[in-house]
Amino acid sequence: MLPDQEAFFNFAVMEKVAFIINPFSAKKNYQPFLNELKAKVNNPLYYVSESIPGTDEFIQSHFEEVDIFVAIGGDGTISTVAKNLINTEKILAIFPAGSGNGFSNETQFSKNLDELLEKIKIKNSRKIDTFTVNDRLSINVSGTGFDGKVVKEFEKTSRGFKNYIKVSLKTFFNYKPIKVKFFDEEYQQYNGRYLMMNIANTRQFGNNAYIAPKASKSDGLVDMVLVKKFPLTYSALFAFRMFTKRLKDDEYVTYLPVSEISFKVNTKNWHLDGEFNKIKSPVHVKVQPASLSILV
């Protein structure tokens with residue numbers, strides 16, 4: 001294929017694709033990605049996001065002519081883009097540039113632009129589940145308790161895996177368990193105090209930390225993970241199991257596969273896909289089956 005023909009082919013394929021870049025991801029160094037994109041795609045449509053409302057406005061203004069929206073960032077960026085695509089035929093694609101990249105790991109997106117562009121040319125997609133927490137969208141893993149507090153403190157740092165571990169250790173020793181009370185009689189046996197509660201649509205937080213190794217993003221369920229505060233002697237085993245996909249029900253960990261559930265919890269500190277949120281009780285979690293199209 002001649003160079004000018006190749007450029008025309010790229011343009012013909014890419015004219016219905018939009019790239020949305022979070023400039024605060026990847027340690028605020030997005031320029032190498034943008035340079036590579038411009039070198040490989042003829043006049044790409046892209047937006048360097050200044051805010052969530054700005055991203056929403058960009059997507060809506062290009063909604064009719066764009067088929068594939070590519071999120072360049074972490075799980076929070078991906079979730080921001082995804083909420084505009086729920087229950088439509090528009091397709092979400094990802095170039096991971098976050099600190100954990102849990103959702104992109106679970107949906108087989110890598111930091112290889114050539115691989116992403118090839119997927120875009122083929123344009124295969126599949127439907128996956130999402131869920132809401134008091135009507136706020138989540139696509140990966142959300143939670144409250146210990147990890148909600150960790151995310152709140154983590155956002156005060158320059159991010160990165162090392163800082164996440166430091167904040168986690170510091171928080172663990174000082175954190176008081178949360179109180180959870182379920183409304184449905186079926187689940188009231190699980191009322192009690194917990195170190196954290198997670199709602200998992202996929203298996204991992206990010207960085208290959210598998211909080212729900214059996215979770216599926218296409219079964220119409222989320223795994224509610226209840227973790228009691230455990231002694232220091234158990235922490236190494238917990239970490240080993242989490243990073244080797246071996247966490248399971250035991251005296252400290254309980255898994256509840258649910259499609260919908262309501263409860264009260266005595267904290268407002270939550271994270272939704274790794275982004276800190278304040279959410280008041282009562283809390284209502286509901287799965288939205290096959291609600292999001294993902295490029296494969």
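Values reported hereafter were calculated over all heavy atoms of this structure, with side chains retained and with hydrogens, waters and symmetry mates removed.
Put simply, the side chain of K111 reaches to within 4.5 Å of the side chain of F95, judged on heavy atoms. Between V70 and I20 the shortest side-chain heavy-atom distance does not fall below 4.5 Å. Taking the side chain as every heavy atom from C-beta outward, L45 and V17 never approach each other to under 4.5 Å.
Between K40 and D114 there is a salt bridge, with a side-chain nitrogen of the basic residue lying less than 4.0 Å from a carboxylate oxygen of the acidic one. Contact check on K217 versus E106 returns no salt bridge, with no Lys/Arg side-chain nitrogen under 4.0 Å from an Asp/Glu carboxylate oxygen. Salt bridge absent: D135 and K286 never bring a charged side-chain N and a carboxylate O closer than 4.0 Å. Between K83 and D56 there is a salt bridge, since at least one side-chain N of the basic residue sits less than 4.0 Å from a carboxylate O of the acidic one.
Although no hydrogens or angles enter the test, the distance criterion places no donor-acceptor pair under 3.5 Å between the side chain of K245 and the main chain of A212. D129 places a side-chain N or O within donor-acceptor distance of the main-chain N or O of G220, the cut-off being under 3.5 Å. In this structure, the side chain of N112 engages the main chain of E115 through a donor-acceptor pair within 3.5 Å. Under a 3.5 Å cut-off, the side chain of N207 and the backbone N or O of F205 do not form any donor-acceptor pair. One N or O on the side chain of D249 and one on the backbone of Y255 form a donor-acceptor pair closer than 3.5 Å. Under a 3.5 Å cut-off, the side chain of N191 and the backbone N or O of F182 do form a donor-acceptor pair. N134 places a side-chain N or O within donor-acceptor distance of the main-chain N or O of P282, the cut-off being under 3.5 Å.
Residues meeting the side-chain contact (heavy atoms from CB on, under 4.5 Å) test with I86, sequence neighbours left out: T130, L137, Q288, S291, L292.
Side-chain polar atoms of T55 and T80 form no donor-acceptor pair below 3.5 angstrom. Checking S216 against R203 by side-chain atom types alone, no donor-acceptor pair falls below 3.5 Å. K127 and S293 share a side-chain donor-acceptor pair at under 3.5 Å. A side-chain donor from one of D273 and S138 sits under 3.5 Å from a side-chain acceptor of the other. Side-chain contact annotation: Y194 with K179, donor-acceptor N/O pair under 3.5 Å absent. With hydrogens and angles left out, the side-chain atoms of K278 and N269 include a donor and acceptor closer than 3.5 Å. No side-chain donor-acceptor contact under 3.5 Å links N22 and S49. Residues Q188 and D184 have side chains that never bring a donor and an acceptor to within less than 3.5 angstrom of each other.
Residues S110 and P96 come closest through the heavy atom pair O-CD, 3.4 Å. Nearest heavy-atom pair, N84 versus I59, reported as atom, atom and distance to 0.1 Å: ND2-CD1, 3.5 Å. A pairwise comparison of heavy atoms in G102 and D75 identifies N-OD2, 3.4 Å as the closest pair. Of all heavy-atom pairs between R241 and D250, the closest is NH1-OD2, 3.0 Å. The shortest heavy-atom contact between L221 and P257 is CD1-CB, 4.2 Å. Here the shortest heavy-atom pairing between A71 and L92 reads CB-CD1, 4.3 Å.
Follow the hydrophobic side-chain contacts under 4.5 Å out from I91 and you never reach V296; the two are in separate clusters. Hydrophobic clustering (side-chain heavy atoms under 4.5 Å, transitive across Ile, Leu, Val, Met, Phe, Trp, Tyr) groups L195 together with L232.
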Check against side-chain contact (heavy atoms from CB on, under 4.5 Å), I68 and K123:
CA-CA 9 Å; I68 301 172; K123 201 181 174 182; 3.9 Å; yes
Evaluation steps, side-chain contact (heavy atoms from CB on, under 4.5 Å), between R126 and S218:
CA-CA 10 Å; R126 62 172 290 204; S218 56; 3.1 Å; yes
Test ring-ring contact (aromatic ring centres under 6.0 Å, His included) on Y252 and F238 and set out the steps.
CA-CA 9 Å; Y252 299 111; F238 180 86; 9.2 Å; no
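You'll find the ring centres of F243 and Y210 outside the 6.0 Å limit.
Geometrically, K228 does not engage Y234 in a cation-pi contact defined by less than 6.0 Å to the ring centre and at most 45° from the axis.
The ring pair (Phe, Tyr, Trp, His ring centres under 6.0 Å) contacts involving residues 51-79 comprise Y47-F58, F58-H62, where partners must be two or more places apart or lie in separate chains.
Residue-environment remark: CD (E185) stays at or below the threshold of 12 foreign heavy atoms within 6.0 Å.
Note on ring orientation: taking the six-membered ring where Trp is involved, the planes of F33 and F19 are tilted (angle from 30° to 60°).
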